[in-house]
Structure formats: structure tokens, C-alpha cells
Amino acid sequence: MFWYLVKRLLASAPTLIAVLTVVFVIVRIIPGDPALTVLGDQATPAALAALRTKLGIDKPLHLQYVDFMLSALQGDLGRSLVSGRPVINEVTAVLPHTLDLTISSLLLGSAIGIPLGIWAALRRNRLADYVIRIVSLIGLSFPVFVSGIFLLLVFALQYRIFPVIGTSDLANLGDRAWKLVLPTLTLGLVMVAYITRVTRSAMLQVLSEDYVRTARAKGVPARLVITRHALRNALIPVVTVVGLYLGINIGNSVLTEIVFNRPGLGKVIVTALNQRDYAMLQGLMVIYCFLIVVTNLLTDLTYGLIDPRVKQS
Amino acid sequence: MKDTILSVRGLRKHFTASRGFPRATTVTIRAVDDVSFDVGAGESFGIVGESGCGKSTTGRAILRLIEPDGGTVRYRGIDVLAAPPGALRDLRRRLQIVFQDPYSSLNPRLKVGRALAEPMRVHGLAKSADEIDARVRALLDEVGLPPDSADRFPHEFSGGQRQRIGIARALALEPELIVADEPVSALDVSIQAQVLELLRRLQAQRGLSFVFIAHDLGVVRYFCQRLAVMYLGRIVEMGPAADLFSDPLHPYTRMLRDASPVPDPAMRGRLPRIEGETPSPAAPPSGCHFHTRCPNVMPVCRERYPSAVEIGTRQVSCHLYGTSAT
Amino acid sequence: MSRGFLGRLIDVFGANKTSWVGLVLFAAICVVALLAPWIAGSDPLEQSIIDKLQPPSATHWFGTDEFGRDVYARLVWGARISLIVSISAITIALVVGGTIGLVSGYIGGRFDMLVMQAMDVLLSFPALILGLIIVALLGPSLHNLVIAISLTALAPFARIARAPTLIVKERQFVEAGRALGYSHARIVFVHVLPNILAEILVMASLWMATAVRVEASLSFIGLGVRPPTPTWGGMIRDGFENILDAPWLSIYPGLAILTLIFSLNMLGDGLRDATDPKLRGE
């Protein structure tokens, strides 16, 4: 297991470096002079030059690249051009909101999706299966901003059960949870749909395997066949998809944050794009990619817990 | 021997694989090790051995479907392994291959007619669509398939019929030599004889030469004039097929001969078994590779690989023969 | 095992029938988009301040927006943008990404490893974020939207094309092609490609759904085709500002997007079930 971890970490290193390079390149291609953006049209050439020096963007590109890589690898993501605050502070200020949303929707998706998928698989080609498949396909087809608006219309505007605006006080846990309900439902519905479908097809696959048939044939009770023999193996593809979707969810949270007017990573990135705050953008993308690499690693570790074969290899 | 057309000298192919983390170990598999033989015009030359002995790799290396690591292959004086792309294309027309698996060797999306016409078109062997059509029909007829086969897909045919299609495709280029890589071993026994008969007829009519690869001595005895027996990448015995059968020199050849079914009820139940498992080609035994299974094993066999000795029309690599025995 | 009437009905509309329903629905939306000039009824850009924010009625089936424009007409015209963007983006991604995966898988070895590393880098950005950055970088226009979305789908298509290529290239007819003196290009495009096309096309319909979603999302964020051109995502963006007074402005375009994505998902899902031998055989 230890060597496996080391191997995985080493394997993700080139990807991480390549991703950082891509980020660096993308940010340099964005049209517009950052100094001009910050100081405005009226700035004197001297002031502009001074700012460029301060930002380090008057250096040759390869030196900028080395600077960027070194500081990124040390966790220094620079400062926002607009607010002047370190990028990392801006991010940590909103990160709890984004994590709240991502994790709660993931939990909701797993809590409903896995049992539903198992049930559909066991009732294959019966009414329940058919209904679950169609409904989950509809769930998958909702862009999150559409489902968000629909939920908002029904539960916040029509029936006024939940608040319209999702900005919450982080210290007040009750408020934090209460305002999380609708956004979580919005993102969670997509997760439920996805996890249901993956669980179903993974279960179907596993149920047709010889060892499950053998277990059945030798008279193992149905409940045990499902929990001990089938589910454990069916969970592997489910974990893959959950891991994959954690990344997609981080992306989708942009839309949820706009609909429910919540602070979060997505909001920050849209603002940074609009203000051409290139230092901010650069830092944000590094964080996004870091989150995804971490997610992939966690996914692989979960494999190790479920699948004994991984530990040995 | 009459005029040699294919001459293979010191052919080598080693595969390497590395395994393990964090300390990787490299494993070298000597799939083909110093293999030399000649094939005459119109001759059928058989290569026999158990699976993993390198016989198929040898066949593919001759055609450069696998690039060998060493040795030379000459076809009518042309150095096959050094041939530039243009010359290689011409060689590919003259040297063809029939594959073992009739299911995987035909493109399932291509109608039989197109599969046969394509090589002619690519090599510009026919001028017009009509001519191609006529030649496709002639080919189908030659291998014993109905003319309407051209409009059907491979999956509509049985294994034996598919193998006939594979043979027809090889013939489409009017080749001079065909490497037949276990062409009947995937077929039912009843079909095997029919396909072998077809190959024999084609050989007689077209004056083809064959390199016939098989794991079963019975099949090659029927088809080949001369034979090479391979064990773990090396040729252990080579000579006229009839002699190898009547009087095998190498203990391994004898073992193979005794294991192949004999159509004599009196012999039934008295077949000796092939002793032991084939060692892994990644870690062949020291000295003579065969010593772990050899009934005549001597101390020297564990130390040195025997050099090849000529005995009459035959060549054998065994310490029992020649000066190396003592 | 006894089955009720509903059970038998389900059998009739079994796995592969869903793809038919999806196809019909998708074709219907395409027809609407094609016939937009004739069936929209009124000009989607014509403003009329007196008629602003009218609820749905006989004259304005889906109501009017804050400039008094007919929502129905804008929806019908908006279908064109969704379809043009998603079809062109997926076609580009399919051709370019598919070729990358096919060639990379066929060549194999170090080259393949490098290419797939590069694709992994592309995959480490969430599609929406990548689209967001590219559009922001190039500026919002129909053209750039297509480029951005095709870039987000490039890596998945390369992966989808590569996996079956690795299997097909081991089959003996590929080796036979080499023995027959065919060029690599001929082997790849005449012999390997037709054998992996089904897999790619199934994924194309599923990725079309994603493309529609990304296009709508970008328009919703304000990075889509510029107003006043009607786009579904843009309509929701505008409608969202008036959600208290005029919810229909968000509801109808929302339903339109949902229907289009759903039809594509049904189509792709049914096709995948039909082509996946693991699910087919039992």
C-alpha cells in the first residue's frame, strides 16, 4: 500500500507540472496589459512601468515561468491585482462555502443514489427499474442552473420554505446548514442521478459474475449475496464516478453560486475573469487543478480500501 | 538441395519487459535465438514445436511483421531485413502469410469481395473493375467457395470457409512463398484435412513454397518435405521429414513423435506422455535448454549448449552426437 | 414469474426503444430549428415596450420579456444557436480528438504515453471552467464558443477512440494488412476506424448533451453568443433578473434546454445499451 501511494504520487507529478505550465501559458495569452487594467487609462507611463516591475511581468518569459513554478510549488500563489490581497487568502475565505456545497451534495448523491441503483438492478426490467432509469436520465439532463432556478421558484418563492439567498454566516452553524439545503439539492440531484445509474450497471455486471451465481447456487441468503459478494465489487466503478464528479461538481458550483447568490470559488473565478485579474486567475486555476489531483488520489486510496488486489500490487 | 529461395541465418528476436516497483527488474525473453534454415523453390518447410518455442515469431520475423534484433533473411538474394520501403512492398507481394485464427484475421466490416480486391488494387495488379471482379471470382473458385461469397460478410461463414477466404486473400497477390502460421490448428479435425488438401493442391498447381508452422507433427508430416524442430527459441533438429519421423535423433523430437496420435489400434494406450512442463522462456535452463525434461540427460547437458552437428542429411544439436558428447 | 400489463408494456419499450424516443424528440427539435423563420410567428428581436413582461396568453404563448419580445419566437430561434454550437463543436471534437486517439493508440509506445499525458492535462480542468477560461480569453462569439466547447470535449474523444483501437490493432487482420503491404494510413482509416466507429458515435450523442449544457451554462454566465441574438441560456439569464414578476421567462427556456439534453441522453443511452455486448447478452 505504501509503495502504491508513492507510485501514485510520482505518477501525478508530471501531470501537475504540465497543468501548471498550461495555466502559465493560458494566463499569458489573455489579451490586455494587467498593469493598464489595474491603474486605468489615466496612469502615467512611469507608474505603469513601476507596477510591471512590482508584478514581475517585465522580466523575460522564461524567468517569469521559473518564478511562477517555484512559488507555486511552495504554495505561494501571488496577490490579486485588484484587491492586493494574497490569492490564498481570497480563496480560503470562500473555500468553506464551496466545500460545504460539494461535500454535502456528494453525500446526498451517495446516500440516495447507491441504494436506488441497487434496487433498480435487483428489479431489472421491471416497473421500478424502468421508472428509476427514466427519472435518473431526466435528472442528468438538468443543467444545474435550470434545476436551481426551478427549486428556487418552488421552494423559496412559491412556498417560501427556504431562503432565496444562500450567503450564510459561517460561524452560525444552523444558518449555514439551513441556507445550504436548496443549493445542495440542486447539485445533489445530478449526483443522485449519476450515482444511481453507475451503481445499477455495476451491480448488473457483478450479479452476472460466476462467483455471485455460485454463492446463490450454494444457498447463500439473498441479502448476504448482495452485501458480501456483489456490492463490494460493484462499488469500485461507483467510487471512480464519484471521484470524477467531485471535479465536475467543483465546476458546476459556479452556476449554483450564481443562482443562489452564494460566495465561493466559482464566483471568485468569474469575477477575476471579468476584471482581468490575471494573478488571481492563475492562482485559482492552480487551486482547481490541485483539488482535482487530490480528488484523484483520494479516489485511488478508496480503491485500496475496497479492493484488496490494489494493496498487493 | 535444389535452388534455395529463402535463406535465414542467425535470426534473433529478444523481447524485454520490466516489472516491479520501486526496483524494476528487466526480463529478457529470447523468443528466437540464432535460428538458421533454407527453403527451396516449391518446397514445404515445416517448423514444429510447443507453444512459446518461437516458431510463430520466426515466421513473422521473416516477413518483417516483427522486426528481428539480429541475423539475416535473404529472399532470392534480396536482403529482406534491410529492404527500403519500396522494395519491402514488393517483397510483401511475393511473400504472404496465412494466419492461425480465421476469426480475427478477417476484417468483420469488409465484405469478402472487397477484402480480396483490396490487395490487388493497392498493388495495382489489375487494370479495371471488371478485371478485379473476374479475378476475385477465380480466386473464390480456386479455394472452393461459391461465387456469391463475394457479397457476404466474414461472419456469415464457418471457420473452415473463413480460412479459405484467408488463403484466397494471400493468393490475391500471386505470391511465391507463403508462411502458414498454424493454418489448421484452430479448425475442427474434420475440416483440417480439407484445408490441408486445398493447400497441397495450391502448392502443386502454383508451384508455391511454404514455411509451415505447426505444433503438431502429424499435420506437418502430411504436408512438408523438410522439418525443423524448435525448443525454447532454438532449432534442435532439422532434416527430411520422413527421416525425422522414422528415426528421430534428438530426444525432444522423439518425444514429440511419440506423442502424436498414430492411426494404429494396436498402439493405442501405449502412447508415452510428454514428460514435464516447458520451462519459462524468460528463464531457460542452463546448458541445453531441454535437459530438465530429457530422458538421456548427462552432466555436460547442464553446462554447455550443444553445437549443431551434421549427420547425413540432418543437423542436430544434442550432446549425444558428435564430438561434444565426450 | 407473472408480469402485469405494465410489465409487458415495458418489455415492448425495452432498452433499445429509448434511443428511438430520444431520436424522434431530437429530430423534432432540429425540425423546429430549421423551420424557425416560418413557425416562429413573430420577429424574435422586435421590441414593444407596451407589451413588456406579459404572462403567457393566446397572442404570446409563452409570454413576453422585459423588452416586450415574444418568448416563443425567441425560443424557436434560440434552438438554432444551441444546435449549431453543439453540433459543430462535437463534430470538431470527434474528428480531431478521434483522430488523435486512433493514431496514438495505433502507434502506441512512448508516443502514445506522451499524447495521453497531454490529454490528461486537458482533462484535469473541469469542462465548464475550461470553457469559461477559453471564451474569456478569446472573447464571446459563436465562433469562439464552438472552439471552446470542442476543446473541452477533445480529450474525452481521444480517450474514447483510443481504448477500442488498442484492442482492434491486436487483431490479426491488422497484421494481415501489413503483410499485404498496405500503408499505415490505409490500415488505420480503412480497417481500424470502421471497427471503432460505433463506440465513438455513441459517445458523440452523449457528449452532444454535454455540449448543449456547457453552451447554455456559458450563456447563462454571460459568456455566450452576444445579445440580442436569442440563446436559451441567455434568455434564462435575462429572465432570472425578473424571476419574481415573470417566472415564465426562466421556466420555458429551462424546459427547452432540458428537453434537448434529455433527448440526446436518451438517444445515447439507448445506443450504448444496444452496442455494449456486456449489457446485451444475458
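Just so we're on the same page: letters track the sequence lines, and every chain starts at 1.
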| query | Most heavy-atom pairs under 4.5 angstrom with chain C, which of B:L63, B:L91, B:V122? | reply | B:V122
| remark: Between C:A179 and B:I97, the two heavy atoms sitting closest are CB-CG2, 3.4 Å
| Which answer fits C:V190, side chain, backbone, both or neither, if we ask what part of it has an atom under 4.5 Å from a heavy atom of chain B? | both
| query | Of the backbone (N, CA, C, O) and the side chain (C-beta and beyond), which part of B:R93 lies under 4.5 Å from a heavy atom of chain C, both, or neither? | reply | neither
| field | C:A176 versus B:S105, closest heavy-atom pair with distance | value | CB-O, 4.3 Å
| message | Looking at C:H143, I want to see if its NE2 is surrounded by more than 12 non-hydrogen atoms of other residues, nucleotides or ligands under 6.0 Å. | response | no
| query | Is the side chain of B:S104 donor-acceptor paired with the backbone N or O of C:Q172 at a distance under 3.5 Å, no angle test? | reply | yes
| field | Non-hydrogen atoms of C:N195 and B:P108 that approach each other most closely | value | OD1-CG, 3.3 Å
| note | Honestly, the part of B:R114 sitting under 4.5 Å from a heavy atom of chain C is side chain
| How long is the gap from CD on B:E118 to NE2 on C:H191, to the nearest 0.5 Å? | 3.5 Å
| Heavy-atom pairs under 4.5 Å with chain B, option from C:R171, C:E170, C:E175 with the top count | C:E175
| task | Any salt bridge (Lys or Arg N to Asp or Glu O under 4.0 Å) involving residues 121-131 of chain C? Give me the pairs, sequence neighbours left out, ordered by first then second residue. | result | none
| query | Using non-hydrogen atoms and a limit below 4.5 Å, what part of residues 167-177 of chain B faces chain C? | reply | B:R169, B:L173
| note | Distance col, row C:Y182:OH vs B:H123:NE2, nearest 0.5 angstrom, shows 7.5 Å
| task | Measure the CZ-CZ distance between C:R178 and B:R92 for me, rounded to the nearest 0.5 Å. | result | 6.0 Å
